[in-house]
Structure formats: C-alpha cells, structure tokens
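Have a look at the structure below before the remarks.
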Amino acid sequence: MAPFALARHTGAIGKSLPANSTKRGSWGSSYRALPRQLRSACSQLSPLDLPSTNYVADMGQPCKAPPLQVQAAQNIFSHAPAVSRKRKEQIARQISFCLWCTGTSASGKTAVVRELEQIFANLGFLTSNLDGDNLRKGLNSNLGFSMADRNENLRRTSCAAKLAVDSAVIVLAGLISPLREQRLATRAMFAEGDFILVHVDTPLQTCIDRDPNGLYKKALAGEIPNFTGINSPYEAPVDGEAQIVLKAYSDQGGLLTPREHAKTILEYLWHNGYLTRPGCSSPDITLDEVVAVLPDKIVQSAYCAVNREVLLSTFTSADPKSRTCTPRSSAGHPTRER
Ligand SMILES: Nc1ncnc2c1ncn2[C@@H]1O[C@H](COP(=O)(O)OS(=O)(=O)O)[C@@H](OP(=O)(O)O)[C@H]1O
Ligand SMILES: Nc1ncnc2c1ncn2[C@@H]1O[C@H](COP(=O)(O)OP(=O)(O)O)[C@@H](O)[C@H]1O
C-alpha cells in the first residue's frame, strides 16, 4: 500500500548554509550490547521482516513487485572506514549524534526539529533533518502504514541516520515510531550516547484538534486505515525510555511553544557535553548564549566566524594537536570525551 497522505516539509535551512568505543555493528548484530530483555524485543524486528508492498513504476502504472529479498545477502565483506568518525568530527568541529523525536501525528515533531535546525545553523553546527513525511516521498516512497511497512520505514531511516552520524553530522529526526520495540531497534543501531530519544508528549486530543492536514478527521470517519492513535497503536515511551520528554502544556496549563521545547533540548545537550567542540574541555558558548540564539534569523553569527577561524587553523597548523580552543565559559561542564 502506498502512503496515504503526506505533507511535505521544506528544510528549515538551505544547503548553504559522546561517544564510546562500543562496536557499531549492523542492524542484526549491534543490539547485542543491550540487556537481554531489550535484545529480545529488538530481535523481533529483523531485516527479513520486509514489507509486502507493491512497487509502482515511474510511468504511474502498477507493476508486479520484484520478489522481495527474503534472505540476507551472502559473501559481503565490509570495509573499515578510511577516515574515522573522530577525524571527521574534528574537521566538522562538532560531536555528532542522533536526536530522534517520537510522537503522534501533529504532536509537534516537525516544528521542534525545524526550530532546532535553525538554531544549530546559527551556532555553526551542521545538521540533517530526517522527517518521516519527507522521507516517505523518496527513500521510503514504496512503504505504507502497515506495521511491517513502518518497521522497514524505521529500519531504513535508522540506517540513513547512522550513516550521517558516522559522517560527523548531527541528525534531527522526526518520525512517529509508534512501537517501543521499533524505538529499541533504532536505538540499538547506535553506540550508547549517540542516540537521544525525545518524546513529543502531546495529548492525542490536542493533536486531533490541531489536525493540520485533516488526516485525523478522515481517519475518524474511517477513511484512512492504520492511522496512528485512531486505528493503529501508539505506545508512548515508558518511564526512562526517552532522555527528554516534551510536555505540551506547562504546569500553569499554558501551551508550550516549539521554541520552548527547543530550549529544553538545547539545555540537555549543553549539560551533557553534546555542544562541546572536539578536543575542548567545555562548550565555546554559554548556555545563556545558546538559548538566546534566534531561530528565525539565519545570520553569520560571531560563533560561526569563530568556528571558521578555528577550522581554518586546523588546515594551516603543521601539528593538528597544537590547535587550541578558547572556551567561552570555564564552568565545570560535563564533557563527552571524543
Ligand atoms: N495511517 C497513517 N498513520 C500515521 N501517519 C500517517 C498515516 N497516513 C499518512 N500519514 C502521514 O505520515 C506521517 C508519518 O510517517 P512516519 O514515517 O513518521 O510514520 S512511522 O514512524 O513509520 O509510523 C505523518 O506525519 P506527521 O504528522 O508529521 O507525524 C502523517 O502526516
Ligand atoms: N508547541 C506547539 N504549540 C502549538 N502548535 C504547535 C506546536 N507544535 C506544533 N504546532 C502546530 O501543530 C501542527 C502539527 O505540528 P507538526 O510539527 O507538523 O507535528 P508533527 O510533525 O508531529 O506531525 C502544526 O500546525 C504546527 O504549527
């Protein structure tokens, strides 16, 4: 089944503009580092759990699906990277990680990711925005919303996210990822610390009231099968599963804005060393400065200029180790060692 209805989001910005030594394995093997009960949950999602989707030819004519691969390829010899991720992070002057937002449709995943994407750009960090809707127009365009198709959608997206993280890019992903086992399997793709799950915890009724594309209305009228939260399950993350939970409403009952959500995430990232430049002992920007950055203005900020200077010096310095960072704050911040 082809995706029912997808709203495309343009990237928030144009093109111009903590890790450990855990072995980073494949979908099939990397979850071995997890406790047994999580492994068992992950193991139900295998690369063999492929969708029963028919392909549609370019001409728009339905065509017979090529036989789906039911067995993993044999005789594959993988290559170690010629340039390490650590080296790439030094070049990019950032620590890469995957920030993965889960939540029902219209919970605000796209809004918070776009907000973050712009703030990161202004701070001089390179990101990739992996949005479920957008990916379903390309990489995942042959997938629908059966659970098997969602599994495959999430598996492919996790692989893409992993490739970007291994290339020193910060990934900002927003996909419903409705089942706990799917999120566990996604997390298992990454080394510990490289994956941060964010639950965009907006009550279903609020999402239904928002209904920006009229999909809930159609689903409630029985016109869309397998619609998350209506006739297909959404398992909210259990306690401790998500590193960050974004409640839609403040304690006073007011609706929190995407900007406030982005601030919560930035605080987490800053305190946990994700915004510390490789080789530095603390971030080169204070938390107050981070959260003061305006997302709606793409500017060549002072930070971009400083980073560019330091970056250029890495190419001119004979000994890369002689490169120094001048932290803007000397407070004792926790740092992710790279
Ligand atoms: N049946 C059904 N259920 C849920 N969502 C649907 C459905 N049909 C279309 N859409 C639109 O597809 C977007 C969700 O795609 P995802 O790739 O994030 O879904 S999943 O993670 O594979 O479950 C989702 O986008 P968001 O609203 O941004 O979440 C919807 O706009
Ligand atoms: N924090 C928020 N407060 C109010 N409205 C929001 C908030 N976040 C998102 N919205 C609005 O809700 C709708 C759905 O948001 P979106 O980010 O597209 O959600 P998702 O990507 O989870 O489907 C949009 O119209 C968006 O402008």
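Only this structure's heavy atoms are used, side chains among them; waters, hydrogens and symmetry mates stay out. Indexing begins at 1, ligand by ligand and atom by atom, following the structure's order.
Within the 4.0 Å heavy-atom criterion, neither part of Ser232 lies near ligand 1. Of all the heavy atoms of Pro225, the ones lying under 4.0 Å from any atom of ligand 1 belong exclusively to the backbone. With a 4.0 Å heavy-atom cut-off, ligand 2 is reached by the side chain of Leu255 but not by its N, CA, C or O. At a heavy-atom distance under 4.0 Å, only backbone atoms of Ser177 (N, CA, C or O) approach ligand 1. When non-hydrogen atoms are compared, ligand 1 lies under 4.0 Å from the side chain of Phe145 (C-beta onward) but not from its backbone.
Counting only residues at least two apart or on different chains, no ring-ring contact (aromatic ring centres under 6.0 Å, His included) pair has a member in residues 240-261.
Considering each of Ala111, Gly174, Pro212, the one bringing a non-hydrogen atom nearest atom 17 (O) of ligand 2 is Ala111. Compare Gly108, Cys101, Pro258 by their heavy atoms: the one nearest to atom 15 (O) of ligand 2 is in Gly108.
In this structure, Arg93 is not positioned above the aromatic face of Phe125 in the sense of NZ or CZ being under 6.0 Å from the six-membered ring centre and within 45° of the axis.
Taking Lys217 as the reference, nothing meets the salt bridge (charged side-chain N to carboxylate O under 4.0 Å, His left out) condition, with sequence neighbours excluded.
Taking any N or O of Ala106, backbone or side chain, at least one lies under 3.5 Å from an N or O belonging to ligand 2.
Contact analysis puts Thr228 in contact with ligand 1, with a non-hydrogen atom separation below 4.0 angstrom.
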